[in-house]
Amino acid sequence: MKSQKRMRLIRKILLYAILIFFSVIFLIPLFWMISTSLKPESQVMSVPIQWFPKPIQWKNYLEAVKAFPFFRYFSNTLLLSILNVAGTLFSASLVAYSFSKLHWKGRDQLFYITIATMFIPAQILIIPTYLLFSELGWVNTYLPLIVPAFCGGGAFNIFLLRQFFISIPDELLEAARIDGASEFRIYSQIVLPLSTPVLLTVSIFTLLFTWNDFFGPLLYLQDPAKWTLAVGLRSFQQQYTTTWNLLMAASTLSALPLIILYFVFQKRITSGFALSGSGK
């Protein structure tokens, strides 16, 4: 018995040691970004490496905010994130409800086709999508970055929601139909309230993607006043020189909402992918 307990203890210690090791490896870039954001410019590229700023310069954050229209880019990013989350939740949940709780000819085949689109490289769709939005006159507007969220919400989100909806007992929905409830009422008043965990997960994933999206705004937004934070940070990088401490300060401010979001919803984020396996 003692040898078994000792082996379990050794395994647990090894497991925690491995987790701590890889945690440190992944946290080094975050630490370096925050450290650089507080350094004087002379210490950024110093040799040997200056891991801790001496002295700490909090004014870098104020200078970074003044160096480019931070609050305008922040509000643009926040607007796009809110609209994308709302559009994805509405459209993806409707499609997922149809795939999981309604019976119609070709339902499963169309679902498989929808899932198959996840395997199409995004690079293949860049040119035809851009040409489509250009013909519609949507270039240099937010429409190419918002409308797709209201048109299905993405195959992965549909899959995630469908798998969760399947776990809701059909008997509950049949009872509502017998009482005369419409399908939309069943969807909005029964299915959605029971699906709060997966809806929150989809919201977090959508918010993370929209907030960090660089290529979409770079491709469609030509007016600097409409840029998001991801694109706006590029203004710190000039042809011959880059003010790295201010760039890292602006990057830290840009990442701060996501860091706070992670610590608030870390259990939901880590369990999000597990929800996709809850269906039959």
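We use all heavy atoms of the structure for the numbers below, so side chains are in, but hydrogens, waters and symmetry mates are not.
- Contact record, Ala92 with Asn157: CB-CB, 4.1 Å, taken as the closest heavy-atom pair.
- Applying the side-chain contact (heavy atoms from CB on, under 4.5 Å) criterion to Thr252, with sequence neighbours excluded, gives Met33, Ile34, Ser37, Tyr61.
- At least one side-chain heavy atom of Trp104 sits less than 4.5 Å from a side-chain heavy atom of Phe99.
- Within 6.0 Å of CD1 on Ile127 lie no more than 12 heavy atoms contributed by other residues, nucleotides or ligands.
- Ala225 and Asn76 get closest at one heavy-atom pair: O-ND2, 3.0 Å.
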Under the side-chain contact (heavy atoms from CB on, under 4.5 Å) criterion, do Val85 and Ile204 qualify, and how do the steps go?
CA-CA 8 Å; Val85 169; Ile204 293 171; over 6 Å; no
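- The closest side-chain heavy-atom distance from Leu161 to Val95 is not below 4.5 Å.
- Residues in residues 63-75 take part in no side chain to side chain donor-acceptor pair (under 3.5 Å) pair, two or more places apart or across chains.
- Residue pairs satisfying the salt bridge (Lys or Arg N to Asp or Glu O under 4.0 Å) criterion with at least one member in residues 87-113, sequence neighbours excluded, are listed as follows: Lys101-Asp170.
- Residues Met45 and Leu38 fall within the same hydrophobic cluster, defined by Ile, Leu, Val, Met, Phe, Trp and Tyr side chains chained together at heavy-atom separations under 4.5 Å.
- No side-chain heavy atom of Pro69 sits less than 4.5 Å from a side-chain heavy atom of Pro224.
- Remark: Thr141 OG1 to Asp223 CG distance equals 11.5 Å, nearest 0.5 Å.
- A search for side-chain contact (heavy atoms from CB on, under 4.5 Å) contacts involving Ser81 returns Thr77, Leu207, Thr210, Trp211, not counting sequence neighbours.
- Without hydrogens or angle criteria, Ser91 side chain to Ala149 main chain gives a donor-acceptor distance under 3.5 Å.
- In terms of heavy-atom proximity, Phe165 sits nearest to Ser93 at CE1-O, 3.4 Å.
- No donor-acceptor pair closer than 3.5 Å links the side chain of Ser195 to the backbone N or O of Val198.
- Using a 4.5 Å heavy-atom cutoff, the side chains of Phe74 and Leu229 are in contact.
- In terms of hydrophobic clustering, with Ile, Leu, Val, Met, Phe, Trp and Tyr side chains grouped at heavy-atom distances under 4.5 Å, Ile260 and Leu258 are assigned to a common cluster.
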For the pair Leu221 and Val231, evaluate side-chain contact (heavy atoms from CB on, under 4.5 Å) and give the outcome as yes or no after the intermediate values.
CA-CA 9 Å; Leu221 301 179; Val231 180; over 6 Å; no
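- Neither Phe209 nor Ile120 shares a network with the other; the hydrophobic side chains, linked directly or stepwise wherever heavy atoms of I, L, V, M, F, W or Y lie under 4.5 Å apart, form separate groups for each.
- Residues Tyr97 and Leu173 meet the side-chain proximity criterion, which asks for heavy atoms closer than 4.5 Å.
- Ring orientation note: the planes of Phe184 and Tyr187 are tilted relative to one another, at an angle of 30° to 60°.
- A donor-acceptor pair is defined here as one N or O able to donate and one able to accept, closer than 3.5 Å; such a pair exists between the side chain of Ser251 and the backbone of Leu247.
- Between Pro55 and Pro40, the shortest heavy-atom contact is O-CD, 3.7 Å.
- Atom-to-atom distance recorded for Leu30:CG and Ile259:CD1 is 5.0 Å, nearest 0.5 angstrom.
- The hydrophobic cluster containing Phe21 does not contain Val24, counting ILVMFWY residues as joined when their side-chain heavy atoms lie under 4.5 angstrom apart, directly or transitively.
- Rounded to the nearest 0.5 angstrom, Asn60 CG and Trp244 CH2 are separated by 15.0 Å.
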Run the side-chain contact (heavy atoms from CB on, under 4.5 Å) check on Asn245 and Thr243 step by step: do they pass?
CA-CA 6 Å; Asn245 55 342; Thr243 310; 3.1 Å; yes
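- Here the CZ atom belonging to Phe111 is positioned 6.0 Å from the CZ atom belonging to Phe159, to the nearest 0.5 angstrom.
- Considering all non-hydrogen atoms of both residues, Thr114 and Ala155 come closest at O-CB, 3.3 Å.
- For Tyr142 (side chain) and Lys226 (main-chain N/O), a donor-acceptor pair under 3.5 Å exists by modelled atom type.
- Between Phe156 and Phe205, the ring planes are tilted. Angles from 30° to 60° get that label.
- With Tyr220 as the fixed residue, the ring-ring contact (aromatic ring centres under 6.0 Å, His included) test singles out one of Phe215, Tyr130, Phe214, Trp227: Tyr130.
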In sequence, state the C-alpha distance, the side-chain angles, and the governing distance for Phe52 and Phe31, and then conclude on ring-ring contact (aromatic ring centres under 6.0 Å, His included).
CA-CA 10 Å; Phe52 298 95; Phe31 170 78; 5.5 Å; yes
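- Put simply, CG on Asn84 and CG on Leu89 are 10.5 Å apart, with the number rounded to the nearest 0.5 Å.
- Residues passing the side-chain contact (heavy atoms from CB on, under 4.5 Å) test with Thr36 are Trp32, Lys39, Val44, Met248, sequence neighbours excluded.
- Under a hydrophobic-cluster definition in which Ile, Leu, Val, Met, Phe, Trp and Tyr are linked whenever side-chain heavy atoms come within less than 4.5 Å, directly or via other members, Phe119 and Leu125 are assigned to different clusters.
- Formation of a donor-acceptor pair under 3.5 Å by the Ser35 side chain with backbone atoms of Trp51 is found in this model.
- Looking only at side-chain heavy atoms (C-beta outward), Pro53 and Ile56 come within less than 4.5 Å of each other.
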Show, in sequence, the C-alpha distance, side-chain angles and deciding distance for Lys12 and Leu15, and conclude whether the side-chain contact (heavy atoms from CB on, under 4.5 Å) test is met.
CA-CA 5 Å; Lys12 186 176 292 186; Leu15 176 61; 5.6 Å; no
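- Applying the salt bridge (Lys or Arg N to Asp or Glu O under 4.0 Å) test to every pair with at least one member in residues 206-215, sequence neighbours left out, gives no pairs at all.
- Considering CD of Glu183 and OG of Ser188, their distance stands at 11.0 Å, rounded to 0.5 Å.
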